[in-house]
Protein chains: 2
Amino acid sequence: MSRLAPDTLTEPQQRILAFISQYMAEHDLPPTIREIQKGAGISSTSMVSYHLKALEKAHLVNRYERRSRGVVPARAAHAQLRDVVSVPIVGRIVASEPAPTPDPDALADAENTIQIARSIVGNGDGLYALEVKGDSMIDALINDGDIVIMRRTSEVNNGDLAAIFLTDRNESTLKRVYREKGGLRLKLKPENPNMKPFYVDARHAQIQGKVVCVIRRT
Amino acid sequence: MSRLAPDTLTEPQQRILAFISQYMAEHDLPPTIREIQKGAGISSTSMVSYHLKALEKAHLVNRYERRSRGVVPARAAHAQLRDVVSVPIVGRIVASEPAPTPDPDALADAENTIQIARSIVGNGDGLYALEVKGDSMIDALINDGDIVIMRRTSEVNNGDLAAIFLTDRNESTLKRVYREKGGLRLKLKPENPNMKPFYVDARHAQIQGKVVCVIRRT
DNA sequence: CTTGACGTAGAACGCATGTTCGATTATGAT
DNA sequence: ATCATAATCGAACATGCGTTCTACGTCAAG
């Protein structure tokens with residue numbers, strides 16, 4: 001949680017901000033100046049206006065000038081920061097096949113989409129989801145029916161859990177990746193601590209994306 | 001998605017509904033009657049009012065009478081149907097200890113809360129979350145650091161994945177539960193298909209809740 | 001003490017906005 | 001054709017509501 005200098009907010013300003021949020025959670029529409037006045041215990045409408053100017057300057061609220069109920073908390077103002085992100089389920093992952101990668105044209109229709117709280121996955125860019133079939137991913141502690149949220153990227157850091165397509169075996173797998181011997185060799189370590197890591201030639205492995213989150217619904 | 005007889009909606013009514021949703025997505029506050037009039041291409045404010053009455057009767061919008069911008073789509077009207085639910089993380093689960101159960105008094109402060117899309121967990125009632133420490137849950141395919149979303153319940157169906165406290169061993173575990181021998185014996189089957197099920201006396205086991213979802217952030 | 005910035009109050013202004021009402025015109029069943 | 005019902009329109013009304021202005025009090029710096 002990054003807050004913009006909350007300590008510099010006067011106590012009535014904090015009350016106003018809290019009241020607006022509470023009011024919107026309750027009514028799904030912002031309060032009027034006078035409702036703020038009563039609800040936050042401010043003595044006059046001009047005082048509300050006064051405090052609102054300060055909150056606006058601090059980018060904590062957005063205002064539509066001269067419009068009724070035209071004050072909304074800044075967080076709710078831009079749709080980018082919405083609390084859920086829709087991730088398209090682009091296919092199934094099977095050990096014997098390359099993991100599907102996102103088709104840019106694929107529209108995110110409701111049936112093939114999973115909603116994830118943004119607080120879990122962060123930025124929604126480049127995200128796609130795979131449904132795991134069979135128990136081929138058992139050493140990544142992933143079972144039949146699980147949903148894997150992936151972020152498409154070529155760059156992975158040591159220790160990232162990633163989807164790797166092994167060209168010599170012609171199959172995909174989910175492992176923690178560590179570069180060794182100057183990047184010539186990859187150490188692939190199963191998520192399951194009971195299993196031993198193994199090693200592959202970096203030329204025979206291609207990284208398809210990193211795992212952001214694993215979801216198992218029961 | 002259950003819609004209430006959408007076919008009986010006249011075409012201008014559909015336009016109004018669509019416009020309100022679009023407007024709210026854009027501005028985070030509902031439109032005025034006159035904005036609806038222009039935005040949905042209605043000829044007069046009284047016509048908007050007229051159509052709004054119909055939409056209200058069909059429970060598609062909620063209205064605050066005589067309040068400015070007092071028309072909100074019914075879906076957004078009750079906070080119950082919000083798209084995320086906040087689940088309190090009430091503690092950690094360790095094999096050698098009983099799993100913590102939710103403290104009703106515990107306030108859901110931001111630090112100890114996880115946001116889950118409602119589409120994943122459904123009803124938010126009775127939900128709590130546990131953070132898994134160590135690899136004691138490895139046979140449930142759950143690793144150190146994973147978050148388990150639980151629903152507090154005494155009733156479990158055969159095959160449900162549940163947290164069971166074994167009184168004779170004084171430890172908690174996550175297994176699929178099957179009642180056998182008329183409920184006298186419980187069959188506990190690990191989520192991991194490579195592991196064998198085992199059996200306990202029902203009198204020595206108490207069910208603490210069922211697993212709704214497992215989240216692994218990476 | 002003076003001054004100026006800041007916080008406070010209350011009232012008034014003026015446009016915005018939800019509502020209502022009477023009148024007029026389809027629509028559709030009898 | 002007739003009658004009831006639904007749909008439409010424009011205008012007017014009363015009040016909701018954001019804004020602004022003036023006056024006053026407080027307090028620290030010069």
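Keep in mind the model is a prediction, meaning the values are calculated, not measured. Lettering follows sequence order; numbering is per chain, from 1.
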Write down the protein N/O and nucleotide N/O pairs, taken from nucleotides 10-15 of chain D, whose separation is under 3.5 Å; answer none if there are no such pairs.
from    : atom 1 : to       : atom 2 : distance (Å)
dG10(D) : O6     : Ser46(B) : OG     : 2.8

Quick check on DNA chain D: between Ser68(B) and Met47(B), whose nearest nucleotide comes earlier from the 5' end?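 Result of the comparison: Met47(B).
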
So which one's nearest nucleotide on DNA chain D is more toward 5', Arg67(B) or Ile42(B)?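 Between the two, 5'-proximity favours Ile42(B).
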
By the salt bridge (Lys or Arg N to Asp or Glu O under 4.0 Å) test, which pairs, at least two apart or in different chains, include something from residues 48-60 of chain A?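 Pairs touching residues 48-60 of chain A that pass the test: none.
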
Determine which pairs satisfy salt bridge (Lys or Arg N to Asp or Glu O under 4.0 Å) with at least one residue from residues 64-74 of chain B, sequence neighbours left out, and list them in order.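 The answer is Glu35(A)-Arg67(B), Glu35(B)-Arg69(B).
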
Run the ring-ring contact (aromatic ring centres under 6.0 Å, His included) test against Phe19(B) and tell me which residues pass, sequence neighbours left out.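 Tyr23(B).
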
Quick one: salt bridge (Lys or Arg N to Asp or Glu O under 4.0 Å) partners of Lys210(B), sequence neighbours excluded?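 Listed in chain order: Asp160(B).
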
Would you kindly give the [atom1]-to-[atom2] distance between [X] and [N], to the nearest whole Å?
| X | N | atom1 | atom2 | value |
| --- | --- | --- | --- | --- |
| Glu35(B) | dT17(C) | CD | P | 6 Å |
| Ile33(B) | dG16(D) | CD1 | P | 16 Å |
| Arg63(B) | dG18(C) | CZ | P | 8 Å |

Contact list for residues 140-150 of chain B, test side chain to side chain donor-acceptor pair (under 3.5 Å), sequence neighbours left out: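 Every side chain to side chain donor-acceptor pair (under 3.5 Å) pair that includes a residue of residues 140-150 of chain B, provided the two are not neighbours, is Asp146(B)-Arg216(B).
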
Tyr50(B) side-chain proximity, nearest of dT20(C), dC6(C), dA7(D):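 Of all the options, the side chain of Tyr50(B) is nearest to dA7(D).
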
